[in-house]
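Index from 1, following the sequence. For the numbers below, each heavy atom of this structure counts, side chains included, while hydrogens, waters and symmetry mates do not. On a predicted model such as this, the values are computed, not experimentally measured, just so you know. Counting convention: from 1, in listed order, for ligands and their atoms alike.
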Amino acid sequence: MKKVYNFSAGPAVLPSSVLKKVQDEMLDYADSGMSVMELSHRSSLFQAIIDDAECLLRELMSIPDHYSVLFLQGGASLQFSMIPMNLAQNKKVAYVNSGSWSEKAIEEALKIPDLTVDVIASSQQDQFKKVPTIPAVTADYDYLHITTNNTIEGTTYFEVPTGIEIPVIADMSSNILSSEYDVSDFGLIYAGAQKNIGPAGLTVVIIRKDLIRLVDNLPAMLDYSVQEKNNSMYNTPPTFAIYVAKLVFEWLKELGGVKSIEAINRKKAQLLYDYLDQSSLFSSPVERGSRSLTNIPFVTGDAAIDKQFVEEAEKAGFVNLKGHRSVGGMRASLYNAFPIEGVTALIEFMDTFTKKTEEAPLHVSN
Ligand SMILES: *Cc1c(COP(=O)(O)O)cnc(C)c1O
C-alpha cells in the first residue's frame, strides 16, 4: 500500500485508525446488515450516531448548555451568508479582514440588501503577514466577525477579544479542536468539517441560543431556527460525514481532548518553525506573534526553486505542499491527524534538498 504524508489544507488527512474503523463497519454497521450510508436518517441507529457526535463535541469543547450545536451543509462558505441573514437585526455589522477567507465573508455580507458592513481592522497593508489588532467596537453593531485561523496566509488569533458587548462570530474552519478556545467568548462558531473534523459536506455551527430567532421570509434551509427546531434534520443531513466526524471526536477524546492535541500541535509546529528560522534556504513569511499551528507557509524566495522543491517532495511522498495560488511558495498543513513523524521526515527532506541545491553550482562547474 502506498504511504504518503498528506499536507493538504483541506480536505485533509484523517486518523488512520478512524479510516480503519470505517472500513471494518462499512458493509454491516452495528448488525444492521447495511452501511451507514444506507441507514435512514430517521432510524434509531442514525439518531444514536448524531446524538453521540453532538455529545462528544460538547464534551471536547466544553460547550455550555445555552449553546446549540447544528450539523449543516453548504460549507463554511454558506455561513458567510447565513450569518448576516439571521443575525443582522439592526442592519449594521463589523468585520475584521485578516486574509482571503475574511475577504470572502465580507464580500458575501455586502450582498445582503441594506446592510452596513464596516471593516474595523485589516492587515491587508501588511500582506496579511500578521493578524490585525482588534479595536474596541461600539454596541450598535449586531456582531463582530473574525477568522480565528487564516488557512491561506498561516496566521492565527490565539487570544480572542473579551468583554465585547456584541456577539463575536468566529470562522474556525481550520483550527477548531486544534487549539483551546472558550466557547462562551463567542456568539457563534462555525467550521467546514474537511480540515480538522471529518469528510467534506458537513458544516458545524455552534450558536448561543438567544441569537436564534425568527426572521421573516428566510428560506427554511438558511434559517437557524428551523435547523435547530428540527435538530439538524429538517432535510436529510450528510449522514456519512456525521458518522465519520463522530469517530474523529472519539479518537480525539481518547487522545486526551483538545488540551492534549494542542500540546502535540505546538510541538509539530515548533519543529517546523525552528527549522525554517535557521534555514539558509527556506523561511516563514509570517510574523512570529501570529504564526498558525495548523497552516505553515514557507518560501525560498525563488519561484523556480519552490516549484522544484514541490515536485521533488511529491515524488518522495510529501504530497500537497504547494502553497495557495494567491500566496505561492509552499504550505504545510499540520492538522490534528497529521503525525509528528511526518514533520521530522519533511525537515530531513528539506535539509537534503538544501544541501543539494547549495552544492548544485559546483556540480555544474565540475
Ligand atoms: C476552508 C475554509 C473556508 C471554506 O470552507 P468551505 O467549507 O469549503 O466553504 C472558509 N473559511 C476558512 C477559514 C477556511 O479555512
J.: Answer yes or no: is there an ion pair linking E54 with R58, defined by an N-O contact shorter than 4.0 Å?
T.: yes

J.: Indicate yes or no: does D114 engage K91 in a salt bridge with an N to O separation below 4.0 Å.
T.: no

J.: Examine the proximity of ligand 1 to K195 and report which part, side chain or backbone, both or neither, has a heavy atom under 4.0 Å away.
T.: side chain

J.: Within the structure provided, determine whether H324 and E153 are in side-chain contact (heavy-atom separation under 4.5 Å).
T.: no

J.: Would you say T203 touches ligand 1, if touching means a heavy atom closer than 4.0 Å?
T.: no

J.: Give the contacting part of F80 toward ligand 1: side chain, backbone, both or neither, where contact means a heavy-atom distance below 4.0 Å.
T.: side chain

J.: Can you figure out which of S77, G99, A9 has its heavy atom closest to atom 9 (O) of ligand 1?
T.: S77

J.: Which label fits Y95 and H145: parallel for a plane angle under 30°, tilted from 30 to 60°, or perpendicular past 60°?
T.: parallel

J.: Measure L78 to ligand 1 on non-hydrogen atoms and call it side chain, backbone, both or neither using the 4.0 Å cut-off.
T.: neither

J.: Looking at every heavy atom in both I212 and S225, which two are closest together, and how far apart are they?
T.: CG2-CA, 3.5 Å

J.: Report yes or no: does Q79 have a heavy atom closer than 4.0 Å to ligand 1?
T.: no

J.: Under a heavy-atom criterion of less than 4.0 Å, does Q194 contact ligand 1?
T.: yes

J.: Does the distance from a Lys or Arg side-chain N to an Asp or Glu carboxylate O, for D351 and K356, drop under 4.0 Å?
T.: no

J.: With atoms numbered from 1 as shown, which atoms in ligand 1 lie under 4.0 angstrom from a non-hydrogen atom of D171?
T.: 10 (C), 11 (N), 12 (C), 13 (C)

